[in-house]
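Counting starts at 1 for both ligands and their atoms, following the listed order.
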Amino acid sequence: MHPKSFRQLLSITAFSALLVAAGCTSTPPKPETSLYQRLGGIEAITAVVDDFVANVAADSRINGRFATTDIPRFKRLLVEQICAGSGGPCVYTGRDMKTTHAGMGITDAEFDALVEDLVQTLDKFKVPTAEKEELLGILGPMKADIVEPGT
Ligand code: HEM
């Protein structure tokens with residue numbers, strides 16, 4: 001091999017090593033779109049929250065809990081929370097989940113009832129399984145701050 005082309009080969013090898021080191025190789029593409037986008041953005045989230053809160057209002061297992069709640073504010077905060085939590089451009093301006101639900105004595109069964117009401121809406125809107133699970137995966141861990149220990 002001619003010395004010059006050997007040097008070329010060396011520099012090509014070095015360059016390839018650099019690309020690998022920099023992560024510029026053809027790894028499978030990550031999903032580019034946020035859950036927020038895949039859910040359909042703020043309009044879809046607002047429609048989901050409207051329908052979900054209507055389900056809660058009709059659900060005798062838990063609707064008594066919301067007897068004195070300012071529903072328009074509750075809906076606005078839920079939209080903000082889901083939007084922000086799914087990677088959307090919102091800022092959640094409500095109270096944290098522990099402070100909000102403190103002293104209410106919310107039970108496991110009540111939490112599950114509320115999640116059921118949400119799933120009913122997500123199914124009605126034909127939200128695909130992946131997005132549904134992702135959203136429930138964001139809300140699920142909040143349970144520890146919402147359900148009172150020992151209930
Ligand atoms: C993942 C589940 C839940 C989420 C994401 C959630 C979220 C929220 C949010 C964002 C607020 C408004 C916060 C604020 O006032 O600053 C709120 C208030 C409230 N939540 Fe929840 N919540 C959940 C579960 C529950 C459950 C299971 C119950 C009872 C069955 C419940 C009862 C209430 C009530 C009564 C209020 C209104 C409090 C008030 O009027 O001051 N929540 N919740």
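Considering backbone and side-chain atoms alike, Arg73 places an N or O below 3.5 Å from some N or O of ligand 1. Of the polar atoms of Arg95, at least one N or O is found under 3.5 Å from an N or O of ligand 1, judged by distance alone.
From the protein, the heavy atom lying nearest to atom 33 (C) of ligand 1 is Phe66 CE2, 3.4 Å.
When Thr93, Val79, Ile146, Leu139 are ranked by how near their heavy atoms come to atom 4 (C) of ligand 1, first place goes to Ile146. Residue Leu77 holds the heavy atom nearest to atom 12 (C) of ligand 1 of all those in Leu77, Leu136, Asp112, Thr68.
Look at Arg61 and Asp59 and you find a salt bridge, because one of the NZ, NE, NH1 or NH2 atoms lies within 4.0 Å of a carboxylate O, short of that distance.
Sorting the N, O or S atoms of His101 by how far they are from atom 21 (Fe) of ligand 1 puts NE2 first.
Counting atoms of ligand 1 from 1 in the listed order, those under 4.0 Å from a heavy atom of Thr69 are 35 (C), 37 (C), 40 (O). Every atom of ligand 1 with a heavy atom of Met97 under 4.0 Å away is listed here by number and element: 6 (C), 7 (C), 8 (C), 9 (C), 10 (C). For ligand 1, the atoms sitting less than 4.0 Å from at least one non-hydrogen atom of Met142 are 5 (C), numbered in the order shown with element in parentheses. Within ligand 1, counting atoms from 1 as listed, the ones closer than 4.0 Å to a heavy atom of Gly94 are 16 (O). Contact atoms of ligand 1 toward Ile62: 30 (C) (distance under 4.0 Å to a heavy atom of the residue).
The 12-atom threshold is exceeded at NZ of Lys143, counting heavy atoms of other residues, nucleotides or ligands nearer than 6.0 Å.
By the 4.0 Å heavy-atom criterion, Met104 is counted among the residues contacting ligand 1.
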